[in-house]
Structures are given as C-alpha cells and as structure tokens.
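Some notes on the structure that comes next.
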Amino acid sequence: MREATSQDRAGLLAFLRQREPQSIFPLVNLSSLSGVRMRAWMAADQGGIVGMVGLTDAGFLMPQWPGGDWARVKQTLQGQRMVGMTGPMDQIKALKTAFGLKPADLRLDQHEPGFTLTLTDIRLPKPDGSHLAALGDADLDEITDWRVAFNAETFGQIDEGAHEKAAAEVQSWLPRGSHKVLWHNGKRVALTGFNARLPEVVQIGGVFVPPQLRKQGYARQAVAQHLVEARAEGVKRAVLFAASPAAEHAYRALNFQPAGRKSIVLFNQPKVL
C-alpha cells in the first residue's frame, strides 16, 4: 500500500465511480470540487486498483476497499491523526477492530441504510402549492436553529458550541447554493440540501422538517423539487443515507432503491495511530 500521487488520480476516480453510492465524499474530494484537502493511499495488484483510504486534513478517514487488509491500513497510517471515519458499514466495523477502538472511545457510532436513484425514474409527489427558494439573509436565524436541531437529532451534538457550529455550516452553504428552503402558504416548512455534488451525481444531506410540521409530506416535496432542479442542470443520479425510518419511507416513496449501508464514527478524542 502506498500514498497516491497526481498520476494515480484518474485511476482512483474510476475505481470509486464503480462504487459510487458509498464513495461520493472521496470522489468529490479527489475531484477537487469540495474545497476539502485529502490525502489518499491505495492498494493495487496486476489487475489495477483494489482499494483506497482517504484522510482529510481535518482528520476524517474514508475507506473504500472491499475485502481490505485493515492491518496493513493501520500500519500505513501510523502517526496520522484522526477524528472519525465514514464509509461502508462492514469496512468501518473492520477498521474499528484493527484500530483497537472500544465503545467508550466513540462519541458517535451510527449506521444508516443507503439508497440510489436514477433521476429519470423519480416518482414525483402530487403538487401541493409548495415551492423551493434559495437561502436568503432573512432565513438564516431560523435555518440555523433548524440546523442545531438536526445536529442534535442526528449526531447528538448538544455541547455549548452547537449553535456556533450550526451557524458556520449554514454560512458555508450560501456561496455554494447547496441548500434550499421549501415554502408553503407563506411559511418555511422544510430544508433540503446536497452535501456533495459531481457533474452527474448529487448526495442528498441535511434534510430537515421541524417536528411540529412532520408527517405532512414536506420532506418528500423538498427533496423531489430539488432533484428536479438538479436534473434540469444535467445531474443523472442521486444517492443518500436515511437517518431514520421516517426518512427512509419518504425516500422510498420517491423511488429510491437500496444501496448498502454506511457507518459514521466520531471519536471522543482525536486519535493518532
């Protein structure tokens, strides 16, 4: 296993595209489309690349190595600092064992079902008079509160810095235009977003409906309208991971099809191998 160079980039991208539903984050980072810097290490045999792991400058590990040699990964990453991992569930489970991680070492150990959709196959909900709009300055206070609630529900982030973190995330969406608000009868009712994007594929993330407005189809409307916009811009496919049974129900209603499972692991403290 060796660190990848710029000459390996095309081969790595081709390898990851073959496993697209669970490889969007390393794909986007290696494509230099996210603004996130990531180092990558790869394993190959005579037939080409068989596996890789990526590590962002922030310390997030992203594996994609079916049947990987995780002891070799640990040896390769000696001295590297990590704060968490995300990737296919079986691979993250194997890495936790290889790294000697215990439940007490983890602030979050979450598993989510994945889904994929070819956008020509989307099953649209009936129009309900709602419409999407870009985030504007007037939205930011309420959307920040929604993001605080989302992070608490999804990641258990309830520390003193939760509001500041959420506000920074919302501000980061504005120049990218990655997130939008669904309006119905003059009120904000849902948030939808793309947390990763390539020319032909988007990954949906950060969808939120306030608790008092749930079970009215707003999440489904928001995601559907956002995907129709993306389709008009040339996007062919969408992937996502469902954080709850209610979210899974909404996505299946849009004709999303199962595509493996993903794990997200956050450490209590940064770890140096």
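Predicted model only: the values in this text are computed from it and were never measured.
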Original post:
Which pair of non-hydrogen atoms, one from Pro113 and one from Glu248, has the smallest distance, and what is that distance?
Top reply: CG-OE1, 3.8 Å
Original post:
Got a second to check how far Leu55's CG is from Phe60's CZ, nearest 0.5 Å?
Top reply: 10.5 Å
Original post:
Hey, are the side chains of Asp109 and Ile92 touching, using non-hydrogen atoms and a 4.5 Å cut-off?
Top reply: no
Original post:
Do the non-hydrogen side-chain atoms of His249 and Arg252 ever get within less than 4.5 Å of each other?
Top reply: no
**OP:** Would you kindly confirm whether Phe241 and Tyr251 end up in one hydrophobic cluster when ILVMFWY residues are joined by side chain heavy atoms under 4.5 Å apart?
**Re:** no
Original post:
For Glu20, does its backbone N or O pair with a side-chain atom of Ser23 as donor and acceptor, under 3.5 Å?
Top reply: no
Subject >> Donor-acceptor under 3.5 Å (Gln257 side chain, Thr116 main chain) >> reply: no
Subject >> Ion pair Asp57/Arg39, N-O distance below 4.0 Å >> reply: no
Original post:
Taking the side chain from Gln221 and the backbone from Lys126, do they hold a donor-acceptor pair closer than 3.5 Å?
Top reply: yes
**OP:** On the 0 to 90° scale, with breaks at 30° and 60°, tag the Trp65-Trp70 ring pair as parallel, tilted or perpendicular.
**Re:** perpendicular
Subject >> Leu61 vs Val53 side-chain heavy atoms within contact, under 4.5 Å >> reply: yes
Subject >> Least distance between heavy atoms, Phe155 atom then Ile264 atom >> reply: CE2-CD1, 4.1 Å
Original post:
Does the side chain of Gln64 pick up a donor-acceptor pair with the side chain of Gln22 at under 3.5 Å?
Top reply: no
Original post:
So how far is it from Leu273 CG to Thr76 OG1, rounded to the nearest 0.5 Å?
Top reply: 10.5 Å
**OP:** For side-chain hydrogen bond (donor to acceptor under 3.5 Å, both in side chains), just list the numbers for Glu153 and Asn151, CA-CA rounded to whole Å, side-chain angles, deciding distance to a tenth of an Å, and then say yes or no.
**Re:** CA-CA 6 Å; Glu153 289 182 11; Asn151 287 340; over 6 Å; no
Original post:
Distance from Leu174 atom CG to Leu140 atom CG, nearest 0.5 Å?
Top reply: 5.5 Å
**OP:** Measure from the side-chain N and O atoms of Thr86 to the backbone N and O of Ser263, and report whether any donor-acceptor pair falls under 3.5 Å.
**Re:** yes
Subject >> Side-chain (Arg214) to main-chain (Val209) donor-acceptor, under 3.5 angstrom >> reply: yes
Subject >> With sequence neighbours excluded, residues passing salt bridge (Lys or Arg N to Asp or Glu O under 4.0 Å) with Arg188 >> reply: Asp139, Glu142
**OP:** For residues Ala224 and Leu254, report the shortest heavy-atom separation together with the two atoms involved.
**Re:** CB-CD2, 3.9 Å
Original post:
Of all heavy-atom pairs between Lys74 and Ala98, which one has the smallest distance, and what is that distance?
Top reply: CD-O, 3.2 Å
Original post:
Same cluster or not: are Leu191 and Val189 linked, directly or through other Ile, Leu, Val, Met, Phe, Trp or Tyr residues, by side-chain heavy atoms under 4.5 angstrom apart?
Top reply: no
Original post:
Relative to the ring of Phe150, is the ring of Phe208 parallel (under 30°), tilted (30 to 60°) or perpendicular (over 60°)?
Top reply: perpendicular
Original post:
What's the shortest heavy-atom distance between Leu119 and Val235, and which atoms?
Top reply: CD1-O, 3.5 Å
**OP:** Give a yes-or-no answer on whether the side chains of Asp8 and Thr5 include a donor-acceptor pair shorter than 3.5 Å.
**Re:** yes
Original post:
Counting only N and O atoms by type, is there a donor-acceptor contact under 3.5 Å from the side chain of His184 to the main-chain atoms of Asp128?
Top reply: yes
**OP:** Could you tell me which non-hydrogen atom of Gly206 sits nearest to which non-hydrogen atom of Arg147, and how far apart they are?
**Re:** CA-NH1, 3.6 Å
Subject >> Pairwise distance CH2(Trp183) to NZ(Lys187) - rounded to 0.5 angstrom >> reply: 11.0 Å
Subject >> Side chain to side chain, Phe99 and Asp105, heavy atoms closer than 4.5 Å >> reply: no
Subject >> Residues, nucleotides or ligands: over 12 heavy atoms within 6.0 Å of Gln75 CD >> reply: no
**OP:** Output all residues satisfying salt bridge (Lys or Arg N to Asp or Glu O under 4.0 Å) with Arg72, sequence neighbours left out; order by chain, then residue number.
**Re:** Asp69
Original post:
Could you go step by step and tell me if Val265 and Leu108 meet the side-chain contact (heavy atoms from CB on, under 4.5 Å) rule?
Top reply: CA-CA 5 Å; Val265 170; Leu108 180 74; over 6 Å; no
**OP:** Could you check if a side-chain atom of Lys271 sits within less than 4.5 angstrom of a side-chain atom of Val83, using non-hydrogen atoms only?
**Re:** no
**OP:** Without swapping roles, check the side chain of Arg220 against the backbone of Ala253 for a donor-acceptor pair under 3.5 Å.
**Re:** no
Subject >> With Glu164 via salt bridge (Lys or Arg N to Asp or Glu O under 4.0 Å) - residues at least two apart >> reply: none
Original post:
Do Thr118 side-chain atoms and Thr120 backbone N/O form a donor-acceptor pair below 3.5 Å?
Top reply: no
Original post:
When rounded to the nearest 0.5 angstrom, what distance separates CG in Asn195 from CZ in Arg176?
Top reply: 8.5 Å
Original post:
Salt-bridged, Glu200 to Lys236, with N to O below 4.0 Å?
Top reply: no
**OP:** For Asp137, look at atom CG and say whether over 12 heavy atoms of other residues, nucleotides or ligands are found less than 6.0 Å away.
**Re:** no
**OP:** Determine yes or no for a side-chain-to-main-chain donor-acceptor pair under 3.5 angstrom, with Ser244 supplying the side chain and Ala247 the backbone.
**Re:** yes
Subject >> Distance-only polar pair, side chains of Gln80 and Gln78, donor-acceptor under 3.5 Å >> reply: no
